[in-house]
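Below is one structure, written out as structure tokens, with a few remarks after it.
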Amino acid sequence: MPELPEVEVLRCNLEPLLVGKRISDFQVLKPRVVRPESPQQLENGVAGCSIKGVGRKGKFLWLDLAKARSRTTFHLTIHLGMTGRLFVQDSGDPLPGHTAAVLGLGRKRLVFRDPRSFGRVTLETDSLDQLGVDALSDEFLVERLRDALAITGQAVKVRLMDQRHIAGLGNIYVCEVLHLARVSPFEAASKLPLGKVKALHQAIRNTLQKQVELGLKLKLDFAGEGKSDGLFYFGSASTQAPQSRERFRVYGREGEACPTCGSKIVRAEQSKRGTFFCPQCQQRE
DNA sequence: AGGAGGCCCTGTCGGC
DNA sequence: TGCCGACAGGGCCTCC
């Protein structure tokens with residue numbers, strides 16, 4: 001599942017391929033991904049536009065578009081959902097299975113492939129407007145985290161995953177940063193002492209930053225024809241040797257030894273999502 | 001209004 | 001071996 005680091009790495013990869021290109025046409029194969037707009041609305045909205053930039057906030061990605069002879073730009077917002085992939089290919093190449101939408105760029109095209117159709121491509125900006133501070137941006141300070149965790153009685157893990165407060169953390173990285181900061185996922189968010197808030201802030205920044213740097217170094221298979229090798233959502237390109245599976249500290253490791261203390265990692269459930277944690281390292285206050 | 005829970009969707013995996 | 005049900009979980013919607 002792509003979270004902030006994966007989306008940022010994808011953004012960096014796409015930017016040089018897309019900026020300056022003109023959109024010749026827009027084709028929707030899975031109307032669900034453009035909901036609630038119609039394929040026709042999207043086509044009318046973007047055809048003939050040129051791409052001025054590629055942006056990101058949280059797990060949302062967007063293309064800055066401008067109509068011909070216009071200086072004003074607007075967003076074509078894209079969310080990868082659970083299984084979305086976005087990549088550039090030659091226009092002559094066959095479209096892969098589960099292609100949801102295609103942006104024609106002359107000799108090339110931008111393909112959005114999404115087997116589970118949880119992703120979205122849209123011109124509306126409501127989803128973007130409702131996002132909280134991006135977890136990698138300079139505005140994400142300790143104070144912002146403290147404010148996001150204040151007042152509510154929600155468990156800290158549930159709160160961290162609420163994109164309206166902090167944007168970018170999904171189930172995987174939330175488990176990872178809570179373990180790194182030695183915070184119980186069940187701790188009431190507002191009860192977290194300042195020291196732990198600081199540790200959590202540090203863990204979030206370090207973990208996401210490190211993962212982005214790693215992703216930028218690797219040769220990745222954005223098209224997703226190859227198998228993910230478990231290291232990164234996109235998987236390695238075939239030209240690169242598979243990476244070791246040493247990736248997550250606790251996520252998906254139920255029953256395995258905690259990398260810090262050796263205790264068995266436990267899986268629990270919060271808001272219908274799996275939570276992986278070490279009951280020894282991550283005790284409630 | 002904030003929070004909880006259901007729904008969407010299909011590849012993968014475990015069990016029989 | 002093969003089939004089938006359970007599971008995974010982003011965001012979004014509805015209800016309380």
Side-chain angles (χ1 to χ4, degrees), chain A residues 1-8 10 28-37 56-62 75 77-86 96-101 112-132 134-135 147-178 185-191 208 221 223-230 232-235 245 247-248 250-255 265 267-277:
Chain A
M1 309 92 236
E3 299 185 23
L4 189 153
E6 284 87 350
V7 180
E8 177 59 18
L10 177 61
V28 178
L29 289 88
K30 291 190 179 197
R32 187 181 144 76
V33 303
V34 300
R35 68 194 182 281
E37 290 158 323
R56 180 197 61 79
K57 186 172 184 183
K59 304 175 210 169
F60 283 80
L61 197 68
W62 66 78
H75 291 335
T77 305
I78 301 166
H79 195 291
L80 298 178
M82 297 276 300
T83 52
R85 285 176 185 264
L86 199 60
H98 298 297
T99 297
F112 179 47
R113 177 173 167 257
D114 187 10
R116 253 180 248 187
S117 307
F118 276 24
R120 265 188 87 193
V121 180
T122 179
L123 287 169
E124 59 132 65
T125 55
D126 295 8
S127 310
L128 271 184
D129 297 340
Q130 282 171 27
L131 288 180
D134 180 82
D147 293 348
L149 299 177
I151 305 166
T152 180
Q154 280 181 310
V156 61
K157 189 226 179 189
V158 176
R159 192 68 167 182
L160 286 174
M161 284 183 65
D162 189 332
Q163 306 296 305
R164 292 170 300 180
H165 297 98
I166 295 159
L169 292 171
N171 204 39
I172 296 173
Y173 288 107
V174 157
C175 291
E176 296 298 290
V177 299
L178 286 170
F186 305 98
E187 187 71 61
S190 56
K191 294 275 165 58
L208 297 180
D221 176 25
E225 293 306 318
K227 279 272 176 197
S228 164
D229 56 12
F232 215 77
Y233 166 72
F234 301 111
R245 215 199 146 274
R247 185 185 180 191
F248 300 127
V250 289
Y251 184 83
R253 293 187 178 276
E254 180 182 17
I265 292 162
R267 181 190 188 279
E269 201 172 274
Q270 289 178 285
S271 304
K272 297 285 172 192
R273 268 30 166 194
T275 295
F276 297 88
F277 68 107

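Throughout, a chain's letter reflects where its sequence line sits, starting with A, and its residues are numbered from 1.
What separates CG of A:L149 from C1' of B:dG2 is a distance of 16 Å, to the nearest Å. Separating the CG atom of A:D114 from the C1' atom of B:dG11 is a distance of 12 Å, rounded to the nearest angstrom. When the P atom of C:dG11 is taken as reference, atom CG of A:L169 falls 11 Å away, rounded to whole Å. One atom, CZ of A:R120, and another, C1' of C:dG10, lie 12 Å apart when rounded to the nearest Å. The interatomic distance linking A:L128 (CG) with C:dG10 (P) rounds to 18 Å, in whole Å. Spacing between atom CD of A:Q130 and atom P of C:dC12 amounts to 8 Å, rounded to whole angstrom units. At whole-Å resolution of the value, CZ in A:R164 and P in C:dC13 are 13 Å apart. Atom pair A:R116:CZ and C:dC7:C1' shows a separation of 9 Å (rounding to whole Å applied).
If you check B:dG3, C:dG9, C:dG11 against the side chain of A:T152, the one that comes closest is B:dG3. For A:H79, counting side-chain heavy atoms from C-beta on, the closest listed nucleotide (C:dG10, C:dC12, B:dG11) is C:dG10.
Close to B:dG3, at under 4.0 Å from its OP1 or OP2, lies a side-chain N or O of A:R159. Taking 4.0 angstrom as the limit, A:R267 places a side-chain polar atom (N or O) nearer than this to OP1 or OP2 of C:dA8. Side-chain N/O atoms of A:R32 include one lying less than 4.0 angstrom from OP1 or OP2 on B:dC9. Under 4.0 angstrom from either OP1 or OP2 of B:dT10 there lies no side-chain N or O belonging to A:H98. Close to B:dA4, at under 4.0 Å from its OP1 or OP2, lies a side-chain N or O of A:Q154. In terms of phosphate contacts, A:K59 brings a side-chain nitrogen or oxygen within less than 4.0 Å of OP1 or OP2 of C:dG11. OP1 or OP2 of C:dA8 has not a single side-chain nitrogen or oxygen of A:Y251 nearer than 4.0 Å.
Atoms OH and CG, from A:Y173 and A:L208 in turn, are 7.5 Å apart once rounded to the nearest 0.5 Å.
Residue order along DNA chain B, read from the 5' end via each residue's closest nucleotide, puts A:K272 first among A:P115 and A:K272. Of the residues near DNA chain B, A:K30 and A:R273, the one whose nearest nucleotide (by heavy atom distance) lies more toward the 5' end is A:R273. DNA chain C is contacted by both A:F276 and A:R35; A:F276 maps to the nucleotide lying nearer its 5′ end (nearest heavy atom per residue).
Looking at A:Q130 and A:R164, their side chains never bring a donor and an acceptor atom within 3.5 Å of each other. Under the 3.5 Å distance criterion, with hydrogens and angles disregarded, no donor-acceptor pair is assigned to the side chains of A:E269 and A:T275.
As judged by a 4.0 angstrom heavy-atom cut-off over every strand, A:E3 is placed among residues making no nucleic acid contact. At the heavy-atom level, A:S271 lies nowhere under 4.0 Å from the strands shown. Nucleic acid contact class of A:G274 (heavy atoms, under 4.0 Å, all strands): sugar-phosphate only.
Taking the six-membered ring where the residue is Trp, the centroids of A:F248 and A:F276 are separated by 6.0 Å or more.
Minimum heavy-atom separation, A:G119 to A:F112: CA-CZ, 4.1 Å.
Taking a centre distance below 5.5 Å and an interplanar angle below 30 degrees as the stacking criterion, A:F118 does not stack against the six-membered base ring of C:dG11.
Between the side chain of A:R267 and the backbone N or O of A:E254, no donor-acceptor pair lies under 3.5 Å.
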